[in-house]
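One structure is given below, encoded as C-alpha cells.
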Amino acid sequence: MSKGREGPAAGGGATAILLRYLREQNRPYSAQDVFGNLQREHGLGKAAVVKALEQLAQQGHIREKAYGKQKVYFADQEQLPAAGDAELRVLDADISARSAELQALLQGCRQLEAELKDLNSTMTTADMAREVEELKKDCASYTEKLERIKSATNQVTPEEKEKVCSEQKLYCKEWRRRKRMATELLDAILEGYPKSKKQFFEHFVLVQEEVGIETDEDHNVTLPTAV
C-alpha cells in the first residue's frame, strides 16, 4: 500500500483549526498573526500555534518561507481545488469591486487629512479669544494716544509743516551743491598730487582744522534722499 501524507489531527485539534484557517484565507501569515487572529475564538496558546504550524509544514500540508528571522506560512496551492471559469469571473468581479472601494476610501482619507491639516493650522477658540483681548487692549491704547494728540496745544499746522518741508528741501539742495563743489575741487587737486588718494586724505585730516574744512563723516551725518 502506498504511503500518503499524514493527515492533521481530527476534531478541534490545533493543526486542523490552523489548516482550515490557512486554506480559507489563502494568504501568508506569521505565527504571531495566526495567534492574534485565532486566540480569542479558539483559545489557542502561542506555543501551540507555533508547534502546529511547524508540524503542518513538515507534513507537507502547508508551505513555509523564511524572511530573515521571521517565518510565514500559507496553504499549499497544489492541494487547493482548482477554480472554475465561473468562480474565477466571480473572483475577478469581487477584486474589481474591492479595488474601487479601496480607491474611494483612499480618496476619502486624503480629503480628511487635508481637512485635518487645515483645522490644525487654524487658531483654536481659546487662542482667538486671547487674540481678541490683545487687540482690544491695543485699540484702547491707540485711542488714548490719539486723544492725547488731538488735545495737545502744540500741534503743527499744515502751513507750518509745509514751510518746514520747503526749508528742508532748500537746505538739502544747497548742501548737495556745496558737497559737489568740494568733491570736484578735491578731485582737481588729486590730479596733480604725487601720492595716493588715501595718503592725501590722511594728510588732509591732519591739516583740516587749520584750513577749516569739515566732512560729513566728521559729524556722522548723511545727506537725505532727495524728495
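Only heavy atoms go into these numbers, but all of them, side chains included; no hydrogens, no water, no symmetry mates.
- Residues Leu22 and Leu53 form a side-chain contact, since some pair of their non-hydrogen atoms from C-beta on lies under 4.5 Å apart.
- Salt-bridge check for Glu134 with Arg130: failed, with every basic side-chain N at 4.0 Å or more from each acidic carboxylate O.
- Under a 4.0 Å N-O distance rule, the pair Asp94/Arg98 qualifies as a salt bridge.
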Worksheet entry | Residue pair Glu160, Thr157: steps toward the side chain to side chain contact (heavy atoms under 4.5 Å, CB included) verdict | CA-CA 5 Å; Glu160 291 173 328; Thr157 65; 3.1 Å; yes
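- Atom CG of Asp138 is separated from atom CD of Glu133 by 11.5 Å, given to the nearest 0.5 angstrom.
- By the 4.0 Å N-to-carboxylate-O rule, Glu113 lies too far from Lys117 to be salt-bridged with it.
- Within a 6.0 Å sphere centred on CE of Met181, other residues, nucleotides and ligands contribute 12 heavy atoms or fewer.
- Leu44 and Tyr73 fall within the same hydrophobic cluster, where Ile, Leu, Val, Met, Phe, Trp and Tyr residues are linked whenever their side-chain heavy atoms come under 4.5 Å apart, directly or through other members.
- When atom types are taken as modelled, the side chain of Gln39 and the backbone of Gly36 share no donor-acceptor pair closer than 3.5 angstrom.
- Ion pairing between Glu54 and Lys51 fails under the 4.0 Å rule for side-chain N and carboxylate O.
- Between atom OG1 of residue Thr15 and atom CG of residue Leu56 there is a gap of 5.5 Å, rounded to the nearest 0.5 Å.
- No donor-acceptor contact under 3.5 angstrom links the side chains of Arg63 and Gln77, judged on distance only.
- In terms of hydrophobic clustering, with Ile, Leu, Val, Met, Phe, Trp and Tyr side chains grouped at heavy-atom distances under 4.5 Å, Val72 and Leu18 are assigned to different clusters.
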Item to complete: Please report the C-alpha distance between Ser99 and Ile95 in whole Å, then the side-chain angles of each, then the deciding distance to 0.1 Å, and finally whether the side chain to side chain contact (heavy atoms under 4.5 Å, CB included) criterion is met.
Response: CA-CA 6 Å; Ser99 297; Ile95 291 172; 4.0 Å; yes
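- When the options Lys65, Gln25, Arg27, Arg23 are evaluated for a side chain to side chain contact (heavy atoms under 4.5 Å, CB included) with Phe74, the one that passes is Lys65.
- Distance SG/Cys165 to NZ/Lys161: 6.0 Å, rounded to 0.5 Å.
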Practice prompt. Mind running salt bridge (Lys or Arg N to Asp or Glu O under 4.0 Å) on Arg178 and Glu174 for me, showing each step along the way?
Written response: CA-CA 6 Å; Arg178 295 190 179 192; Glu174 184 64 19; 2.9 Å; yes
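- Judged by distance alone, the side chain of Gln107 and the main-chain N or O of Leu102 form no donor-acceptor pair under 3.5 Å.
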Item to complete: Would you sort out whether Leu19 and Ile62 count as a side chain to side chain contact (heavy atoms under 4.5 Å, CB included), showing the intermediate values?
Response: CA-CA 7 Å; Leu19 179 61; Ile62 63 174; 3.8 Å; yes
Item to complete: Take Asp33 and Ser30, measure what side-chain hydrogen bond (donor to acceptor under 3.5 Å, both in side chains) needs, and give me the verdict at the end.
Response: CA-CA 5 Å; Asp33 292 335; Ser30 67; 3.0 Å; yes
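- With no hydrogens or angles considered, no side-chain donor-acceptor pair links Asp118 and Ser121 at under 3.5 Å.
- In this structure, NZ on Lys136 lies 13.0 Å from OG1 on Thr143, to the nearest 0.5 angstrom.
- The closest side-chain donor-acceptor pair between Thr124 and Asp127 falls under 3.5 angstrom.
- There is a side-chain donor-acceptor pair under 3.5 Å between Tyr21 and Asn37.
- Within the 4.5 Å cutoff, side-chain heavy atoms of Val221 are placed close to those of Trp175.
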Discussion item. Quick one, Lys46 with Gln32, criterion side-chain hydrogen bond (donor to acceptor under 3.5 Å, both in side chains). Give me CA distance, side-chain angles, the key distance, then yes/no.
Written reply: CA-CA 7 Å; Lys46 185 172 181 180; Gln32 180 63 40; 2.7 Å; yes
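- How far CG of Asp92 is from CG of Asp85: 10.5 Å, rounded to the nearest 0.5 Å.
- Note: Glu64 CD to Lys71 NZ = 4.0 Å, rounded to the nearest 0.5 Å.
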